[in-house]
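The structure under discussion appears below in the form of structure tokens.
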Amino acid sequence: MATCACSTMAMSKFDFPTPFSHRITHKNRPPLLLLSKSKLLIRPSILGLIHSNHNTLSVFNSRVDNFSVETQNEIKTSTWKWRCYSIRYQYSGTSGPALVLVHGFGANSDHWRKNLPVLGESHRVYAIDLIGYGYSDKPKPQDLEHDYFYTFETWGSQLNDFCMEIVKDEQVFFVCNSIGGLVGLQAAVMDPSICRGIILLNISLRMLHVKKQPWFGRPLIKSFQSLLRNTVVGKYFFKIVATPDSVRNILCQCYYDTSKVTDELVKLILEPGLDPGAADVFLEFICYSDGPLPEELLPLVKCPVLVAWGDKDPWEPIELGRAYGLFDSVEDFVVLPNVGHCPQDEAPQLVNPLVTSFVARHTPSSPAS
């Protein structure tokens with residue numbers, strides 16, 4: 001989950017597969033049709049709008065207004081040693097296909113607390129704290145022999161190793177939010193044998209990436225990032241951000257339904273961000289303008305991908321996100337109405353069935369296949 005608003009500068013059509021200029025918009029969207037040929041097993045009570053490369057458009061009505069977990073599954077917590085670092089993860093469920101849930105920037109595995117027990121009813125579900133976040137270790141970048149340690153390559157390696165050493169399943173599904181989506185894609189590209197399918201929830205567009213900035217603005221951005229990373233200005237900036245009021249305000253920006261921004265949520269996001277080293281990780285990543293873009297990774301992915309997007313996301317506008325539905329690897333583009341940047345927490349009643357249907361569709365032993 002990002003901590004600042006992103007630019008909505010238009011992206012070149014050459015960043016995406018043709019025909020980018022013909023992507024579905026509010027103006028040229030075909031008429032809505034009742035589900036007929038789609039293999040998706042979403043119940044009619046679930047609200048969602050689906051655009052698929054191969055399927056029809058579908059719309060479902062919903063009267064689900066509130067979320068409650070009616071399950072006996074508990075969420076368990078454990079730690080894993082990875083390259084001498086302590087990594088926290090949470091898990092639920094004892095049987096079924098394996099899922100790994102990957103959080104976004106500034107968040108942690110607690111952001112999946114509304115998904116773990118529900119999905120655990122029919123899956124083995126894990127949520128991991130990426131190194132540098134949550135209650136995983138936060139090594140200081142300046143103490144490491146890397147220009148940048150907190151990169152998608154680092155997290156992609158962590159995710160794949162976690163699957164091999166902890167999940168120990170033949171193949172795993174990744175469910176990812178925001179920058180976690182790039183982590184999932186990077187992991188799938190690095191070792192295609194591990195990932196069976198990926199669900200991307202409001203994946204980060206990385207609008208501050210150097211390739212998406214005008215050439216004349218790059219020196220200024222670089223200088224500002226250096227100021228944050230290498231002077232006391234950065235620590236002062238983090239001190240302003242890392243307060244309950246600031247965290248609440250940031251969350252209220254990216255949640256369309258601000259009633260979901262509870263004291264519990266603010267505490268779950270803020271407390272691990274006060275650990276030693278958290279400020280260095282925060283500053284390291286906001287100064288990371290290189291690395292892969294989603295449009296560079298999607299053509300390399302060998303497994304099926306579903307992209308879902310809360311249409312009220314102010315940071316990652318759906319008008320730009322729709323273009324990702326045009327990649328060959330993307331089976332469906334799902335619009336989540338009246339939902340912001342973190343659908344798994346704001347609208348779990350939409351996300352959990354979506355995950356279940358996608359997994360069932362791509363699990364060989366499932367009757368749905």
Side-chain angles (χ1 to χ4, degrees), residues 1-9 24-27 29 32 42 45-51 57-69 101-108 110-115 118 175-181 199-207 241 244-270 294 306-325 332-355:
M1 181 180 61
T3 58
C4 57
C6 295
S7 166
T8 58
M9 179 175 58
I24 291 179
T25 65
H26 293 293
K27 293 182 179 180
R29 181 187 297 149
L32 297 179
I42 305 177
S45 61
I46 301 304
L47 178 64
L49 177 64
I50 301 173
H51 168 254
L57 282 166
S58 309
V59 66
F60 303 91
N61 294 320
S62 174
R63 295 181 179 178
V64 179
D65 298 317
N66 299 308
F67 171 77
S68 62
V69 176
L101 316 180
V102 188
H103 63 80
F105 176 48
N108 58 76
D110 288 325
H111 216 187
W112 300 97
R113 69 200 183 283
K114 298 177 183 178
N115 316 100
V118 177
V175 186
C176 315
N177 176 229
S178 192
I179 68 156
I199 295 178
L200 304 174
L201 304 173
N202 289 64
I203 186 173
S204 171
L205 299 169
R206 300 206 69 199
M207 294 304 295
V241 171
D245 287 343
S246 293
V247 170
R248 182 179 298 277
N249 289 336
I250 292 166
L251 290 170
C252 284
Q253 289 179 30
C254 68
Y255 278 59
Y256 182 68
D257 181 358
T258 56
S259 70
K260 301 297 176 67
V261 180
T262 62
D263 291 342
E264 177 199 30
L265 176 62
V266 171
K267 182 179 179 181
L268 292 175
I269 297 296
L270 176 60
L306 184 148
V307 179
W309 217 281
D311 68 349
K312 303 300 184 184
D313 187 341
W315 297 344
E316 316 290 355
I318 193 170
E319 289 75 15
L320 299 180
R322 289 184 189 277
Y324 293 123
D332 298 286
F333 186 95
V334 181
V335 176
L336 303 175
N338 297 319
V339 180
H341 184 64
C342 307
Q344 77 278 11
D345 188 59
E346 186 178 350
Q349 76 278 6
L350 303 183
V351 171
N352 292 333
L354 192 64
V355 172

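For clarity, every value in this text was computed on a predicted model and none was experimentally measured.
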Quick check: does any side chain N or O of [X] sit under 3.5 Å from a backbone N or O of [Y], one acting as donor and the other as acceptor?
X: Arg206; Y: Pro294; answer: no
X: Asp311; Y: Val335; answer: no
X: Asp332; Y: Val334; answer: no
X: Glu316; Y: Leu205; answer: yes
X: Asn115; Y: Gln344; answer: yes
X: Asp313; Y: Gly340; answer: no
X: Asn177; Y: Leu201; answer: yes

Please report the interatomic distance [atom1]([X]) to [atom2]([Y]), rounded to the nearest 0.5 Å.
X: Ile269; Y: His111; atom1: CD1; atom2: NE2; answer: 5.0 Å
X: Phe333; Y: Tyr324; atom1: CZ; atom2: OH; answer: 10.0 Å
X: Asp257; Y: Cys252; atom1: CG; atom2: SG; answer: 10.0 Å
X: Leu336; Y: Leu354; atom1: CG; atom2: CG; answer: 7.0 Å
X: Gln253; Y: His341; atom1: CD; atom2: NE2; answer: 11.5 Å
X: Ile203; Y: Trp309; atom1: CD1; atom2: CH2; answer: 7.0 Å

Does the side chain of Ile318 reach to within under 4.5 Å of the side chain of Lys312, using non-hydrogen atoms?
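No - every pair of side-chain heavy atoms lies 4.5 Å or more apart.
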Side chains of Pro343 and Leu350: closer than 4.5 Å at any heavy-atom pair?
no
Who pairs with Thr262 by side chain to side chain contact (heavy atoms under 4.5 Å, CB included), at least two apart in sequence or on another chain?
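In terms of side chain to side chain contact (heavy atoms under 4.5 Å, CB included), with neighbours along the sequence ignored, Thr262 is linked to Glu264, Leu265.
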Identify, with sequence neighbours excluded, every residue that meets salt bridge (Lys or Arg N to Asp or Glu O under 4.0 Å) alongside Asp345.
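Arg113, Lys114.
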Those residues that, when tested against Asp245, pass salt bridge (Lys or Arg N to Asp or Glu O under 4.0 Å) (two or more places apart):
none
Write out all pairs satisfying salt bridge (Lys or Arg N to Asp or Glu O under 4.0 Å) with one or both partners inside residues 333-343, taking only residues at least two apart or from two chains.
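Sorted pair list comes back empty.
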Exercise: identify the closest heavy-atom pair between Pro353 and Pro348:
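Heavy atoms of Pro353 and Pro348 come nearest at CD-O, 3.9 Å.
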Where Gly310 and Asn202 come nearest, the two heavy atoms and their spacing:
N-OD1, 2.7 Å
With respect to Leu306, which candidate in Val355, Ile199, Val175 satisfies the side chain to side chain contact (heavy atoms under 4.5 Å, CB included) definition?
Ile199
Dump the intermediate steps for side-chain contact (heavy atoms from CB on, under 4.5 Å) on Val339 and Tyr256, then the final yes or no.
CA-CA 6 Å; Val339 180; Tyr256 182 68; 5.8 Å; no
